Amino acid sequence: MNKYNLLLIFTLLATSCLAQGKASKGRAAEAFHDPFEHFSFVSFRFDRLTNKNNTFVNHYTVRAVTTRWAKLHLRMNAPLVNTNVSGINEFGLGDIDIRALYSTPVNLLHKRLYFATSCQLYLPTATSDNTGAHKWQVRPGIGLVFFRGSEEAVTGTYSLGVEYWASFAESSGHARTNTLAIMPNFDWWFHKWYIGYYATWTYNFETHMWDIPFDVEAGYTIFPHITLGAEIVLPLTNTVDYRNDWLVKLRYTF
């Protein structure tokens, strides 16, 4: 069985597990379950990263999320990648990742403040060194999310997450992953659209460099159950190799 068949089977299995539910207006739902509206969705995403040397990396990703269980949030990403970073155009499977998050209310603010723990696992499924990291990676994390408004009318979120990114069982020639990630995010939810700041600040312990980007996303519900979103990421430091990163996505909620 080749990796493309594996990708197809994995995607079908994940999407077949999705349950009926209600839509959430904010992107926070992709990282954390909405405690007031349990739902599931599939998202089709196009992400283009442009480097300072004018090379690019394109990701075509299927994301599947389910929040069927009251406190457990499950997410899977299955990407195909097109890139020319090696000087030639390549297309192949990227690294599939799966993530589980468990949350519980902090009984101080009428179940509007939640504490969460998570773990994300990256599988070395890439077909080449240029379409993925080609190594096992794990990302444990903790965080707090505060839902503004009321249970009947959530108006947005404030959240703070911290993760540690590490690799293991690397083959020779692959750089070690040893990174701290901090996510001070906030957003506003409106009747049919949302906008928010969703940056991930990182500190690489191997290179001793920070990446603190400007990262804003907005989305609009164009049809019942269907939301169109767009995101732009611009680096605010000179210590990174990329020039910009932008993404468009279509989310179908079950």
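Computed from a predicted model, the values in this text were never measured in an experiment.
- Contact check for N89 versus N82: side-chain heavy atoms found under the 4.5 Å cut-off.
- A ring-centre distance under 6.0 Å is found for F46 and Y60.
- Using modelled atom types and a 3.5 Å distance limit, the side chains of Y158 and N185 yield no donor-acceptor pair.
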### Task
Evaluate side-chain contact (heavy atoms from CB on, under 4.5 Å) for D211 paired with Y242, printing each intermediate quantity in order.
CA-CA 10 Å; D211 177 15; Y242 70 94; 3.2 Å; yes
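- For Y203 and W165, the ring centers sit 6.0 Å or farther from each other.
- Between V233 and the choices D47, L49, D215, the side chain to side chain contact (heavy atoms under 4.5 Å, CB included) rule is met once, by D215.
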### Message
Walk me through whether Y220 and L228 qualify under side-chain contact (heavy atoms from CB on, under 4.5 Å).
### Response
CA-CA 5 Å; Y220 184 80; L228 178 66; 5.6 Å; no
### Query
Do L121 and W136 pass the side-chain contact (heavy atoms from CB on, under 4.5 Å) test, and can you show the C-alpha distance, the side-chain angles, and the key distance before you say yes or no?
CA-CA 8 Å; L121 177 66; W136 293 89; 4.2 Å; yes
### Task
Go through D97 and N77 one step at a time and tell me if the side chain to side chain donor-acceptor pair (under 3.5 Å) criterion holds.
CA-CA 5 Å; D97 70 89; N77 291 319; 3.3 Å; yes
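- Checking T157 against D187 by side-chain atom types alone, a donor-acceptor pair falls below 3.5 Å.
- Under the 3.5 Å distance criterion, with hydrogens and angles disregarded, no donor-acceptor pair is assigned to the side chains of N130 and S128.
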### Message
The test is side-chain contact (heavy atoms from CB on, under 4.5 Å); show your working for L144 and F115 and say whether it passes.
### Response
CA-CA 5 Å; L144 288 169; F115 172 78; 3.9 Å; yes
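- Nearest heavy-atom pair across P235 and V240 is CB-CG2, 3.5 Å.
- Using a 4.5 Å heavy-atom threshold, the side chains of V216 and Y198 count as separate.
- Side chains of F146 and R112 form a contact here, defined as non-hydrogen atoms less than 4.5 Å apart.
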